[in-house]
K.L.:
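Below is the structure I would like to discuss, written out as C-alpha cells.
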Amino acid sequence: MRLGCILKISRYHVFTCCLDGQNYATVKIETEGGVYGLGDATLAGRELAVVAYLNEHLLPTIIGRDAFNIEDLWQYMYRTAYWRGGPVSMTAIGAVDVALWDIKGKALGVPVYNLLGGQSRRGIRAYAHAWGKSVDDTVQAVADRLAEGYTAVRFSCTVPGLPDSYRVLNLAAPSSGDARTLPPAETWDTRRYLDFIPKLIGELRKELGPDPDLLHDVHHRLTGVEATWLTHRLEPFRLYWLEDPIRPGLADEYTLLRQRSIIPLAAGETFHDMSECYEFVARRLIDHLRMSPSHSGGLTNIRKIGAFAEIHRVAMACHGPIDISPVGIAAAAHFGLSTHNYSLQEHVPYGSETAAVLPYSFNVREGYLHPGDKPGLGVDLDDHLASQFPFKASYLPMVRTLDGTVHDW
Ligand code: GCO
Ligand code: MG
C-alpha cells in the first residue's frame, strides 16, 4: 500500500542574527499542521551566501513536498544541482536536512538520536578550548578546564614574537575603525611556531602530569615536511590528536606525515562531501574525521560518512566551534550519541544571548555532552527576540607572514 503525504512542507524562513558577538543563520521549516524544524545554516564569514542559496535556489523547490521522506529530499536537493558540493551548497542542504530530522522527531515524539539507532553511550566525551598569552597562562587555562570536569583540552598560546597569532585575537571586537568591516590580520612565522610548540606541551605535561588528553590545532599552516618535523618533537608527550597540520586536500603530504609519525591525526572540518574525505579515510591517513552535519550536508550525509569511516576504523569527531550554532551542535550531539565510532566532541560554551534566542536542551556534565531527551533536536528559536540582535557583517581573520606574504589562516 502506498501512503499519502504525511507532513507537507508549507513555509520556510531563514533568520540571521548576531548573538554574543557571533553571527548565526538558522532555517525554520514549517509543515501543515504546525510542526516545524530548525537547521543551522551558519558558514562563518560567508553567511549571506548560504542565506541566498537557501532563499533563492533551495527552499522554493521543497514547498509542498513530504517532510517525512528525508532521504528522497536529500537526493533531490543534492542531485538537482549540476554544480554541486562545496561549503555554501552543502551547508544549505545540511540546514534543510537537519530541520527535517527535527520535524520527524517532533512529529513522532522522540529525540533525533532514537531515529538514528538509539544511544551508543551514556554521553559523548567533550573537549574544551584553553588558550593563553604566555606559557603560564596556558597551563592555568588548561588546569581550569580540567577543574570544570573536562578530561580532554585543546591548547593554544601566543607564539613568542607573534602577539596576534592563531586564536588570540578577540574575534568579537571590531576589526578596525574603518566603516567597512575587513578581515582582521594576524601574523605568522613557521620557525618561531615550530620552536615553541614542543616547549609548550613539555611545560603542560610537567605541570599537569600524564593523565589529561591534550589536543592541538595547527589550522592548516604547515607543509608535510614541517608537520613531520613537529610531530617528531611532540611524540614523547602523548598528544590525543594533532589537528589539521596541513592544508586540506593534500593527501600526498598527509601520506608523507603518516608514514613518518605515530601521532594521531584529525582533519576534515573544511570537507563537505564524501568525495573530499574518501582518500583520507580509505587510505587511513587520519584517525579522527571532523566533518560536521552543519557543513557536510546534514545528518543524512554525515551518517553515511560515519559508516564509511567505521569500516576503515576512523573515528568521527564533529567540528563544534562557537561559529556552529546550538542547532548544529545539537545535531552533532544526536549523531555522536548514536554512532559507535565517535571519539570526541569539541565543545565551546555559548553566551547568554545565544541561550535566550536559541534555547537548547543539550548539556555538558563532568565533561560529557548529552543532547537531552526532548522530541526532535531539543533546540528552539525565539524569532521575535532574534530580530533584536541583527546580523553584523564580519570576516574571519587572515594571516600574513613577517615579510607581508599572505598565508593560510
Ligand atoms: C576548530 C576550528 C575553528 C575554525 C572556525 C572557522 O577546530 O574549532 O578550527 O576554530 O577556525 O570554525 O570558522
Ligand atoms: Mg580546527
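These numbers were taken from a predicted model, which means no experiment stands behind them. Whatever order the structure lists ligands and atoms in, that order sets their numbers, starting from 1.
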K.L.:
Work out which heavy atom in P326 is nearest to a heavy atom in Y360; give both atom names and the distance.
P.N.:
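That would be CB-CD2, 3.8 Å.
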K.L.:
Answer yes or no for R290 and Y127: cation-pi contact, defined as NZ/CZ to six-membered ring centre under 6.0 Å and angle to ring axis within 45°.
P.N.:
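Because its charged atom misses either the 6.0 Å distance or the 45° angle limit, R290 does not stack over Y127.
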K.L.:
Nearest 0.5 Å please: distance from the CZ atom of R65 over to the CD1 atom of I29.
P.N.:
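Answer for the CZ-CD1 pair, R65 versus I29, is 12.5 Å.
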K.L.:
Looking only at heavy atoms, what is the nearest atom pair of E243 and D217, with distance?
P.N.:
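Looking at all heavy atoms of both residues, the closest pair is OE2-OD2, 3.1 Å.
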K.L.:
Is the positively charged end of R303 above the ring of F335, judged by distance under 6.0 angstrom from the centroid and angle within 45° of the axis?
P.N.:
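No, R303 does not lie over the aromatic ring of F335.
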K.L.:
Which ligand 1 atoms are under 4.0 Å away from a heavy-atom of A44?
P.N.:
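This gives 13 (O) as the contact atoms.
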K.L.:
What's the atom name of the N, O or S in D217 nearest to the Mg ion (ligand 2)?
P.N.:
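The Mg ion (ligand 2) is closest to the D217 atom OD2, counting only N, O or S.
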K.L.:
Under 4.0 Å, heavy-atom basis, I'd like to know which part of W409 is in contact with ligand 1: side chain, backbone, both or neither.
P.N.:
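W409 to ligand 1: side-chain contact only, backbone stays beyond 4.0 Å.
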K.L.:
Might you confirm whether atom CZ of R284 has over 12 heavy atoms from other residues, nucleotides or ligands at distances under 6.0 Å?
P.N.:
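It does: R284 CZ has more than 12 such atoms within range.
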K.L.:
Between the Mg ion (ligand 2) and E346, is there an N, O or S atom separated by less than 2.8 Å?
P.N.:
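It does not; every qualifying atom lies at 2.8 Å or beyond.
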K.L.:
Between L396 and ligand 1, find which residue part has any heavy-atom pair under 4.0 Å and reply side chain, backbone, both or neither.
P.N.:
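For L396, the contact with ligand 1 is made by the side chain alone.
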K.L.:
Check this for me - ligand 1, E269, N or O atoms closer than 3.5 angstrom, yes or no?
P.N.:
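Looking only at distances, the answer is yes, because the N/O contact criterion of under 3.5 Å is met.
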K.L.:
If I compare all heavy atoms of I246 with all of A227, which pair ends up nearest, and what's the gap?
P.N.:
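Between these two residues, the closest heavy atoms are CG1-CB, 4.1 Å.
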K.L.:
Need the ligand 1 atom indices (1-based, order shown) with element for anything under 4.0 Å from a heavy-atom of R290.
P.N.:
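Heavy-atom distances to R290 below 4.0 Å select 1 (C), 7 (O).
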K.L.:
In E243, which N, O or S atom comes closest to the Mg ion (ligand 2)?
P.N.:
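Of all N, O or S atoms in E243, the Mg ion (ligand 2) lies closest to OE2.
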K.L.:
Which atoms of ligand 1 sit under 4.0 Å from any heavy atom of R154?
P.N.:
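That gives atoms 1 (C), 7 (O), 8 (O) of ligand 1.
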K.L.:
If hydrogens are left out, which of I324, D244, D323 has an atom nearest to atom 13 (O) of ligand 1, that is, the closest non-hydrogen atom?
P.N.:
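It is D323 whose heavy atom sits nearest to atom 13 (O) of ligand 1.
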K.L.:
Tell me every residue that passes salt bridge (Lys or Arg N to Asp or Glu O under 4.0 Å) with E310, counting only those two or more places apart in sequence or in another chain.
P.N.:
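Partners of E310 under the salt bridge (Lys or Arg N to Asp or Glu O under 4.0 Å) test: none.
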K.L.:
Of all N, O or S atoms in E269, which has the smallest distance to the Mg ion (ligand 2)?
P.N.:
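In E269, the heteroatom (N, O or S) nearest the Mg ion (ligand 2) is OE1.
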